[in-house]
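Being a predicted model, the structure only gives us computed values, none of them experimental. In what follows, every heavy atom counts, from backbone to side chain, and hydrogens, waters and symmetry copies are set aside.
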Amino acid sequence: MGDVINLRQARKQRDRASASRLAETNRAKFGRTKAERLALQAEAARQEKQIEGARRDNSGGREETPTEDR
């Protein structure tokens, strides 16, 4: 015959393992130090500034105004 197991204890063990996996995922997702977050924000801002600086201006130096139909 097989071993007798307590279903209440097995259920709690399963729930603890699930919570542990979720906690590990959250630590990887949100567990950065303030310095790391600030460094990532600074890098993203630098990249955005570089992209905006390299953008071509297609307006030809004049403002585009919508024309009215009369």
Which donor-acceptor pairs under 3.5 Å do the side chains of residues 8-18 make with protein atoms, sequence neighbours left out?
none

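Sorted by first then second residue, the salt bridge (Lys or Arg N to Asp or Glu O under 4.0 Å) pairs that include residues 26-46, not counting sequence neighbours, are Glu43-Arg46.
Other residues sharing a hydrophobic cluster with Ile5 under the 4.5 Å side-chain heavy-atom criterion for ILVMFWY residues are Leu7.
With sequence neighbours left out, Glu52 forms a side-chain hydrogen bond (donor to acceptor under 3.5 Å, both in side chains) with Arg55.
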